[in-house]
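In this text the structure is predicted, and so the values were computed from the model without any measurement.
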Amino acid sequence: MAEAELATRAAQAVTGMERLAGRLRSAIGELEGLFPLDPEAFHPDDLDVATGLLLDGFRVRFADLEDLMGRVVFPLAVALAEGAEGLAERPVEECLQDLAGRGLIDAETWHAAREVRNQLAHPEPNAGSQRAAILNRAWRDTGMLLETAERVAAWMRLHLTHHGVGG
């Protein structure tokens with residue numbers, strides 16, 4: 001991949017990440033009084049429609065942001081640091097370790113957030129207490145996810161200026 005194409009893809013990924021982060025911030029603003037959920041009393045089928053939609057919006061936004069960062073943004077960040085050849089098929093774990101070494105992420109914390117994302121994306125039916133517990137974990141991990149998005153976006157924008165892209 002040419003440097004110009006890498007820079008364009010990276011700039012687009014940063015913009016997408018920031019858009020998703022903004023949507024997640026909006027979702028948490030709407031839900032502040034609801035969390036933490038009580039796992040013993042949480043019954044998804046008993047929620048009013050508005051609350052159910054807000055929780056679904058939060059769940060999807062968390063999962064989408066984590067997924068975009070892990071699958072798209074992190075590999076592009078590594079490629080920006082190493083040049084276009086850095087984008088060659090690299091295992092996600094290698095990208096995580098590279099970014100952790102640069103102080104941009106905490107790989108262990110990221111793995112935990114990935115597990116939360118996977119559980120949110122594939123909920124168990126009729127498991128209200130488990131559902132509440134995973135939503136509570138996502139709620140707790142949201143700050144880390146948003147802070148990581150901001151830190152990685154700032155770092156990538158700095159590197160994009162070196163590639164002649166305003167970012």
Tell me, please, which residues at least two apart from [X] pass side chain to side chain contact (heavy atoms under 4.5 Å, CB included).
X: Q97; answer: E93, A107
X: L54; answer: E30, L31
X: A77; answer: L99, W155, M156
X: Q12; answer: T8

Exercise. Verify the ring-centre separation between W139 and F58: is it less than 6.0 angstrom?
Key: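 Yes, the ring of F58 comes within the 6.0 Å limit of the ring of W139, centre to centre.
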Quiz item: For E147, what residues pass the side-chain hydrogen bond (donor to acceptor under 3.5 Å, both in side chains) criterion, not counting sequence neighbours?
Solution: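 Per chain and number, E147 pairs via side-chain hydrogen bond (donor to acceptor under 3.5 Å, both in side chains) with no residue.
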Practice problem: Begin with the C-alpha distance, continue with both residues' side-chain angles, and end with the deciding distance and a verdict on side-chain contact (heavy atoms from CB on, under 4.5 Å) for R131 and R59. | Solution: CA-CA 11 Å; R131 184 100 168 148; R59 177 184 59 80; 3.3 Å; yes
Can you measure from [atom1] ([X]) to [atom2] ([Y]) and round to the nearest 0.5 angstrom?
X: L135; Y: D56; atom1: CG; atom2: CG; value: 9.0 Å
X: I134; Y: L37; atom1: CD1; atom2: CG; value: 11.5 Å
X: D38; Y: N136; atom1: CG; atom2: CG; value: 9.0 Å
X: R19; Y: L24; atom1: CZ; atom2: CG; value: 14.0 Å

Quiz item: Would you say the side chain of V72 lies within less than 4.5 Å of the side chain of D67, judging by non-hydrogen atoms?
Solution: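 Not touching, per the 4.5 Å side-chain cut-off.
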Quiz item: Below 4.5 Å, heavy atoms only, C-beta onward: do L68 and F74 meet side chain to side chain?
Solution: no
Minimum heavy-atom distance [X]-[Y], with the two atoms named:
X: T148; Y: M69; answer: CG2-CE, 3.7 Å
X: A10; Y: L80; answer: CB-CD1, 3.8 Å
X: V14; Y: A153; answer: CG1-CB, 3.9 Å
X: P75; Y: R71; answer: CG-O, 3.4 Å
X: R137; Y: A112; answer: NH2-O, 3.6 Å
X: A138; Y: F62; answer: O-CE1, 3.5 Å

Quiz prompt | Of all pairs that satisfy salt bridge (charged side-chain N to carboxylate O under 4.0 Å, His left out), the ones with a partner from residues 94-112, not counting sequence neighbours | solution =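 Sorted pair list: R90-E94, D98-R102.
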Starting from [Y], can I reach [X] by hopping between I/L/V/M/F/W/Y residues whose side chains sit under 4.5 Å apart?
X: V92; Y: M17; answer: yes
X: L120; Y: L47; answer: yes
X: L53; Y: F35; answer: no

Quiz item: Should the pair D64-R117 be classified as a salt bridge under the 4.0 Å nitrogen-to-oxygen rule?
Solution: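 No, no charged N to carboxylate O under 4.0 Å.
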Quiz item: Checking side-chain contact (heavy atoms from CB on, under 4.5 Å) for the pair R25/L146: CA distance, chi angles, key distance, verdict?
Solution: CA-CA 8 Å; R25 277 188 194 87; L146 292 170; 3.7 Å; yes
Practice problem: Carefully, step by step, assess R61 and I28 under the rule side-chain contact (heavy atoms from CB on, under 4.5 Å). | Solution: CA-CA 10 Å; R61 289 170 176 156; I28 62 174; over 6 Å; no
Quiz prompt | Stepwise side-chain contact (heavy atoms from CB on, under 4.5 Å) test for W110 and M144 | solution = CA-CA 9 Å; W110 190 263; M144 177 279 303; 4.1 Å; yes
Quiz prompt | N/O donor-acceptor pair under 3.5 Å between T109 side chain and I105 backbone | solution = no
